[in-house]
Amino acid sequence: SAVISQKPSRDICQRGTSLTIQCQVDSQVTMMFWYRQQPGQSLTLIATANQGSEATYESGFVIDKFPISRPNLTFSTLTVSNMSPEDSSIYLCSVTGGSGNTIYFGEGSWLTVV
Amino acid sequence: AQSVAQPEDQVNVAEGNPLTVKCTYSVSGNPYLFWYVQYPNRGLQFLLKYITGDNLVKGSYGFEAEFNKSQTSFHLKKPSALVSDSALYFCAVRDSSASKIIFGSGTRLSIRP
């Protein structure tokens with residue numbers, strides 16, 4: 001399985017600011033996914049990030065609010081822009097690996113917006 | 001469209017008893033099915049998956065799950081529960097022709113001593 005590191009692990013952010021979350025994988029992967037888990041909720045896919053192309057966003061998520069970079073096959077960033085308290089969530093980076101394209105997750109970035 | 005349902009928000013079991021966490025799914029093609037566990041203040045850990053082959057799959061921590069195509073179910077089971085199994089469990093599904101995985105709403109498993 002892939003080892004996925006996310007930074008920051010936790011942060012408290014001021015309303016109106018932006019924060020960039022980094023995701024580093026210990027092996028080259030084609031597809032990386034960013035999920036959001038709001039308090040007490042399940043996971044919702046924000047976007048799929050492929051190296052060398054624009055990220056593909058799910059319904060309800062837009063690039064202006066959640067810009068994503070994917071400069072190489074082991075790294076991606078997600079920025080949460082102009083944050084509001086509703087953005088308080090766990091943001092999880094994930095990659096596919098192994099046979100059958102199992103998805104593996106990082107430990108998540110726990111953001112609280114005040 | 002693909003979807004997955006976990007009908008129980010919470011499951012309570014006494015330690016040592018068998019446990020079952022239910023999951024049903026809907027996909028247009030062949031399903032790839034997964035179970036993940038989330039311990040408090042942690043990310044998601046992969047438990048097990050069904051891709052093809054034997055309907056009973058075994059995973060981490062003594063868990064297993066049975067794929068039932070006719071009932072479109074993939075229930076998670078363990079013969080003897082431990083207090084340390086208390087966590088949030090997510091079922092997930094992916095259509096074999098799709099790239100993204102859809103997660104269920106989660107079931108909180110509580111094992112009492």
Side-chain angles (χ1 to χ4, degrees), chain A residues 1-11 21 23-25 29-51 53 55-61 89-112, chain B residues 1-10 21 23-25 27 29-54 57-60 65 67 74 87-108:
Chain A
S1 64
V3 176
I4 305 166
S5 302
Q6 279 187 239
K7 291 181 181 179
S9 57
R10 292 180 182 273
D11 208 341
I21 302 167
C23 178
Q24 180 74 52
V25 189
V29 294
T30 303
M31 302 181 77
M32 297 179 77
F33 304 88
W34 286 99
Y35 284 84
R36 181 175 73 181
Q37 186 180 19
Q38 294 179 302
Q41 303 293 317
S42 184
L43 281 75
T44 302
L45 182 63
I46 297 172
T48 302
N50 293 325
Q51 194 269 337
S53 63
T56 303
Y57 289 83
E58 297 299 308
S59 176
F61 298 96
S89 294
I90 308 169
Y91 292 86
L92 295 134
C93 171
S94 64
V95 303
T96 54
S99 61
N101 290 326
T102 303
I103 283 190
Y104 297 98
F105 288 85
E107 286 294 320
S109 296
W110 302 59
L111 303 188
T112 302
Chain B
Q2 52 192 27
S3 65
V4 58
Q6 293 181 243
E8 302 156 317
D9 291 336
Q10 177 133 0
V21 183
C23 172
T24 58
Y25 66 90
V27 297
N30 293 320
Y32 291 174
L33 296 155
F34 307 86
W35 276 102
Y36 290 85
V37 59
Q38 186 176 35
Y39 296 102
N41 301 313
R42 301 295 302 275
L44 268 71
Q45 294 182 32
F46 168 73
L47 273 181
L48 51 79
K49 66 182 177 185
Y50 171 83
I51 304 299
T52 187
D54 193 347
V57 293
K58 296 185 183 296
S60 306
F67 170 62
F74 190 57
L88 189 56
Y89 290 80
F90 290 98
C91 182
V93 65
R94 178 171 81 84
D95 190 300
S96 57
S97 62
S99 62
K100 62 183 181 183
I101 289 181
I102 303 298
F103 285 82
S105 56
T107 298
R108 188 165 298 281

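Proteins get letters first, then strands, A, B, ... in listed order; numbering begins at 1 in each. As a basis for the values below, the full set of heavy atoms in this structure was taken, side chains included, without hydrogen atoms, waters or symmetry mates.
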Rounded at 0.5 Å granularity, tell me how far OH in B/Tyr25 sits from CZ in B/Arg94. 14.5 Å
Proximity breakdown for A/Leu92 and chain B, heavy-atom pairs closer than 4.5 Å: side chain
Heavy-atom contact with chain B under 4.5 Å, split by part of A/Gln41: backbone
Can you tell me which portion of B/Gln6 sits under 4.5 Å from chain A's heavy atoms? Options are side chain, backbone, both or neither. neither
Could you tell me if the side chain of B/Asn41 sits less than 4.5 Å from the side chain of A/Trp110, heavy atoms only? yes
Positive for ring-ring contact (aromatic ring centres under 6.0 Å, His included) with A/Tyr35, one of A/Phe61, A/Tyr91, A/Phe105: A/Phe105
Give me the atom names and distance for the closest heavy-atom approach of B/Gln38 to B/Gly43. CG-O, 3.7 Å
With respect to chain A, which residue among B/Gly104, B/Ala92, B/Gly106 yields the maximal number of heavy-atom pairs within a distance under 4.5 Å? B/Gly104
How about B/Phe74 and B/Pro31: do any of their side-chain heavy atoms sit closer than 4.5 Å? no
In chain order, what residues pass the salt bridge (charged side-chain N to carboxylate O under 4.0 Å, His left out) check against A/Arg10, with sequence neighbours excluded? none
Pick whichever of B/Leu44, B/Thr52, B/Leu88 has the most heavy-atom pairs under 4.5 Å with chain A. B/Leu44
Residues 42-51 of chain A vs chain B, non-hydrogen distance cutoff under 4.5 Å, contacting residues -> A/Ser42, A/Leu43, A/Leu45
Do the non-hydrogen side-chain atoms of A/Cys23 and A/Ile4 ever get within less than 4.5 Å of each other? yes
For the side chain of B/Tyr50 and the backbone of B/Ala65, is there at least one donor-acceptor N/O pair under 3.5 Å apart? no
